[in-house]
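All residue numbers refer to positions in the sequence shown, counting from 1.
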Amino acid sequence: MSVFHDDLELDEALDEIDPLRHLMHQSDDDDDEPKALIPKQLHSVQGETLQLSFSGPQHLVEIALAVDASPGCGGIAWPAGEVLSSYLTKRGPDFVHGRNILELGSGTGLVGLVAAKLQLQKTKPTGTASVWITDQAPLLGIMHRNVQLNDLNSTVVVAELNWGTPLPPSLPTPDLILAADCVYFEPAFPLLVQTLCDLVDAGTGDAKETEVLFCYKRRRKADKRFFGMLRKAFTWDEVTDDPDKIAYNREAITLLRLSRRKPSSLQSRIQN
């Protein structure tokens with residue numbers, strides 16, 4: 001009989017049995033009956049197309065989004081992705097104009113597609129891609145489909161990126177990194193941190209530091225372990241200029257801006 005010394009150990013053991021169990025339940029802090037986090041659906045999500053719209057002060061972004069759970073949970077729309085998409089739209093085209101943008105764990109590609117459409121509101125297509133949406137191989141198909149559905153072939157590149165592995169040489173040095181709903185599978189935590197470090201460090205020496213927007217939904221106590229790992233390499237502040245912040249905070253969703261720790265700070269962390 002196994003003995004667990006704390007809740008985190010218990011979470012880890014349960015994850016080994018069912019890695020995606022927490023995606024279907026509310027936060028561990030809730031004592032009520034578990035409630036589905038996936039949007040209510042009467043049948044399995046497979047081969048459907050959603051029509052989503054996000055509005056800013058003077059502009060509207062409309063996205064046709066193919067969703068399909070067949071390749072995994074990344075093939076559907078998750079709430080943190082919609083929150084980050086909405087925030088980008090509120091910031092408007094000027095926020096993304098002229099920037100190399102890379103989305104991690106893109107799934108359907110929603111956040112990157114919104115960024116690309118905002119860029120096109122500022123400038124005409126040049127034939128040179130400025131947005132990269134990335135994920136593991138099983139999700140590349142649905143990302144390609146969504147790029148085509150939104151007529152973004154000349155602006156958006158779909159690329160395979162496995163966290164924790166060397167960065168493909170084809171990836172650009174990003175000015176802006178976007179990540180939404182990437183905290184869900186504990187064995188991937190150190191791999192995600194490593195990839196974030198690699199991407200930000202690739203831009204070290206540039207005049208402007210790489211910006212990282214990281215949106216996540218708190219689902220379980222074990223998520224704290226991810227932030228314990230992240231703290232060794234990054235600091236963060238909650239984004240406060242979003243008028244919808246109070247509403248999505250009630251749903252346990254948080255939007256953060258990450259900053260890479262300076263070398264002196266990193267050495268202090270290692271020594272401690």
Practice task
Tell me, yes or no, whether the heavy-atom count around N249 atom CG, taken from other residues, nucleotides or ligands under 6.0 Å, exceeds 12.
Solution key: yes

Problem - Inter-residue atom distance I76.CD1 - T108.OG1, 0.5 Å rounding - result: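 I76 atom CD1 to T108 atom OG1 measures 9.5 Å (nearest 0.5 Å).
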
Handout entry: L120 CG to H97 NE2 distance, which is reported to the nearest 0.5 Å
Key =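 L120 atom CG to H97 atom NE2 measures 11.5 Å (nearest 0.5 Å).
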
Exercise for the section: Under the side-chain hydrogen bond (donor to acceptor under 3.5 Å, both in side chains) rule, what do E160 and N162 come out as? Steps first, then yes or no, please. Expected result: CA-CA 7 Å; E160 181 177 356; N162 297 300; 3.2 Å; yes

Problem - salt bridge (charged side-chain N to carboxylate O under 4.0 Å, His left out) involving E238 - partner list, sequence neighbours excluded - result: K245

Handout entry: Heavy-atom pair with the smallest gap, counting every atom of R91 and R257
Key =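 For R91 versus R257, the nearest heavy atoms are NH1-NH2, 3.8 Å.
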
Problem - Donor-acceptor under 3.5 Å (T210 side chain, P174 main chain) - result: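 Checking the backbone N and O of P174 against the side chain of T210, a donor-acceptor pair under 3.5 Å is found.
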
Handout entry: Under-4.0 Å salt bridge between E209 and R260
Key = no

Exercise for the section: Report yes or no: do L149 and V114 belong to one cluster of Ile/Leu/Val/Met/Phe/Trp/Tyr joined by side chain heavy-atom distances under 4.5 Å? Expected result: no

Problem - Any side-chain heavy-atom pair of F54 and L60 under 4.5 Å - result: no

Exercise for the section: State, to 0.1 Å, how close V156 and V147 come at their nearest heavy-atom pair, and which atoms those are. Expected result: CG1-CG2, 3.8 Å

Handout entry: Among L199, L192, D198, side-chain contact (heavy atoms from CB on, under 4.5 Å) partner for L196
Key = L192

Exercise for the section: Nearest 0.5 Å please: distance from the OG1 atom of T155 over to the CH2 atom of W132. Expected result: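 If I round to the nearest 0.5 Å, the distance is 10.5 Å.
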
Exercise for the section: Please check if the side chain of N100 supplies one atom and the backbone of D175 the other of a donor-acceptor pair under 3.5 Å. Expected result: no

Practice task
Please confirm whether the backbone N or O of T89 pairs with a side-chain atom of H59, one donor and one acceptor, at under 3.5 Å?
Solution key: yes

Practice task
Give a yes or no answer on whether the side chain of D135 reaches the backbone of S106 with a donor-acceptor pair at less than 3.5 Å.
Solution key: yes

Handout entry: Contact summary for L104 and L161, nearest pair of heavy atoms
Key =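 Residues L104 and L161, closest heavy atoms: CD2-CD2, 3.5 Å.
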
Handout entry: side-chain contact (heavy atoms from CB on, under 4.5 Å) assessment of S53 paired with I63
Key = CA-CA 6 Å; S53 62; I63 298 288; over 6 Å; no

Problem - Any side-chain heavy-atom pair of Q119 and I101 under 4.5 Å - result: yes

Practice task
Would you give the length of the straight line joining atom OG of S85 to atom CG of L65, rounded to the nearest 0.5 angstrom?
Solution key: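 CG of L65 is found 9.0 Å from OG of S85.
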
Handout entry: Rounded distance [0.5 Å steps], OG in S259 versus CH2 in W236
Key = 11.0 Å

Exercise for the section: Could you tell me if the ring centre of F227 sits under 6.0 Å from that of Y216? Expected result: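 That pair passes the under 6.0 Å test.
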
Handout entry: Steps toward side-chain contact (heavy atoms from CB on, under 4.5 Å) verdict (I177, E211)
Key = CA-CA 6 Å; I177 298 170; E211 183 173 3; over 6 Å; no

Practice task
Give a yes or no on whether a salt bridge exists between D241 and K90, defined as a side-chain N under 4.0 angstrom from a carboxylate O.
Solution key: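 No.
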
Handout entry: With F226, the ring pair (Phe, Tyr, Trp, His ring centres under 6.0 Å) member among Y184, F185, F214
Key =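 Result: among Y184, F185, F214, F214 is the only option passing the ring pair (Phe, Tyr, Trp, His ring centres under 6.0 Å) with F226.
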
Practice task
Answer yes or no: is there a side-chain heavy-atom contact under 4.5 Å between C182 and W163?
Solution key: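 Yes - at least one pair of side-chain heavy atoms lies under 4.5 Å apart.
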
Practice task
Return yes if some donor-acceptor pair links the side-chain N/O of E48 with the main-chain N/O of V67 below 3.5 Å, else return no.
Solution key: no

Handout entry: pair T165-L191: side-chain heavy atoms closer than 4.5 Å
Key = no

Handout entry: Q51 atom CD, neighbour heavy-atom count above 12 within 6.0 Å
Key =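 Atom CD in Q51 is packed in, count exceeds 12.
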
Handout entry: Side chain proximity check, V61 to Q121, heavy atoms < 4.5 angstrom
Key =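 Yes. Closest side-chain heavy atoms under 4.5 Å.
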
Exercise for the section: Identify the heavy atoms of V239 and L213 that sit nearest to each other, and give their distance. Expected result: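 Closest approach of V239 to L213, heavy atoms only: CG2-CD2, 4.2 Å.
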
Handout entry: Donor-acceptor contact present, side-chain T134 to main-chain E103, <3.5 Å
Key = yes

Practice task
Is it possible for you to check whether R99 lies under 6.0 Å from the centre of the six-membered ring of F95, through NZ or CZ, and within 45° of that ring's axis?
Solution key: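 Yes; both conditions hold, so R99 lies above the ring face of F95.
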
Practice task
Please confirm whether the backbone N or O of Y248 pairs with a side-chain atom of D244, one donor and one acceptor, at under 3.5 Å?
Solution key: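 Checking the backbone N and O of Y248 against the side chain of D244, no donor-acceptor pair under 3.5 Å is found.
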
Handout entry: Nearest heavy-atom neighbours spanning E82 and L110
Key =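 Heavy atoms only, the tightest pair is CG-CD2, 4.0 Å.
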
Problem - Closest non-hydrogen atom pair, W78 against R219 - result: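 Between these two residues, the closest heavy atoms are CE3-NH2, 3.6 Å.
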
Problem - Chi angles and distances behind the side-chain contact (heavy atoms from CB on, under 4.5 Å) call for V157, V131 - result: CA-CA 6 Å; V157 172; V131 176; over 6 Å; no

Exercise for the section: Identify whether the distance between the nearest side-chain nitrogen and carboxylate oxygen of K217 and D181 falls below 4.0 Å. Expected result: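 Not counted as a salt bridge, because no side-chain N and carboxylate O are separated by less than 4.0 Å.
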
Handout entry: Interatomic spacing from CG in L88 to CG in L178 - rounded to 0.5 Å
Key = 5.5 Å

Handout entry: Pairwise side-chain contact, K232 with R261, heavy-atom cut-off 4.5 Å (strictly under)
Key = no

Exercise for the section: Using modelled atom types only, decide if a donor and an acceptor are shared between the side chain of N150 and the backbone of A64 within a distance under 3.5 Å. Expected result: yes

